[in-house]
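Mind looking over this structure? Questions follow.
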Amino acid sequence: MAQDGGQGMSVVGQIIFFAGFILIFYFLIWRPQSKRAKEHKNLMSGLNKGDEVVTSGGVAGRITKVSDDFIILEVADNVEIKVQKVAVGAALPKGTLKDI
């Protein structure tokens, strides 16, 4: 009498395991990342003169000029810096800079 030694998972079991792994990867990694990228793209396209923003480097300021790839931020009275649009991390509610 021959006994089968410890067989691995069947082909169907392997396919189910692989599909489950792909679903976990999709819901935990890819989907949230694409959602954040879409929100950031909408933020960049909606930037207007007068908006208050914070860059990814932590610089807060008011937008004084918007071009295709760059914005001009007024960070203090008569102090302006040129920043790439992609460096904008978040838009602030109006009046936030007065409270800082």
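In this text, all values refer to a predicted model and were calculated from it rather than measured experimentally.
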d(Thr64 OG1, Lys82 NZ) to nearest 0.5 Å is 11.0 Å
So, Glu52 side chain and Leu97 main chain: donor-acceptor pair closer than 3.5 Å or not? yes
N/O donor to acceptor pairs below 3.5 angstrom from side-chain atoms of residues 15-27, sequence neighbours left out:
none

Indicate, with yes or no, if Val66 and Val54 share a hydrophobic cluster defined by side-chain heavy-atom contacts under 4.5 Å among Ile, Leu, Val, Met, Phe, Trp and Tyr. no
Non-hydrogen side-chain atoms of Val88 and Ile71 separated by less than 4.5 Å: yes
Would Ile63 end up clustered with Ile72 when hydrophobic side chains under 4.5 Å apart are linked, directly or stepwise? no
Between the main-chain N or O of Ala90 and the side-chain N or O of His40, is there a donor-acceptor pair closer than 3.5 Å? no
Going only through I, L, V, M, F, W and Y residues with side-chain contacts under 4.5 Å, is there a path from Leu47 to Ile81? yes
Spatial distance of atom OG1 (Thr96) from atom CZ (Arg62) [nearest 0.5 Å]: 9.5 Å
Do other residues, nucleotides or ligands put more than 12 heavy atoms under 6.0 Å from the NZ atom of Lys49?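 Check fails, neighbour count at 12 or below.
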When you group the ILVMFWY residues by side-chain heavy-atom contacts below 4.5 Å and let the links chain together, are Val53 and Leu43 in the same group? yes
Could you tell me whether Lys85 and Asp68 have a side-chain N and a carboxylate O separated by less than 4.0 Å? no
Is it the case that the side chain of Glu80 and the backbone of Val75 share a donor-acceptor pair, with hydrogens and angles ignored and the cut-off at 3.5 Å? no
Residue pairs fulfilling salt bridge (charged side-chain N to carboxylate O under 4.0 Å, His left out) with at least one residue in residues 25-43, sequence neighbours excluded: none
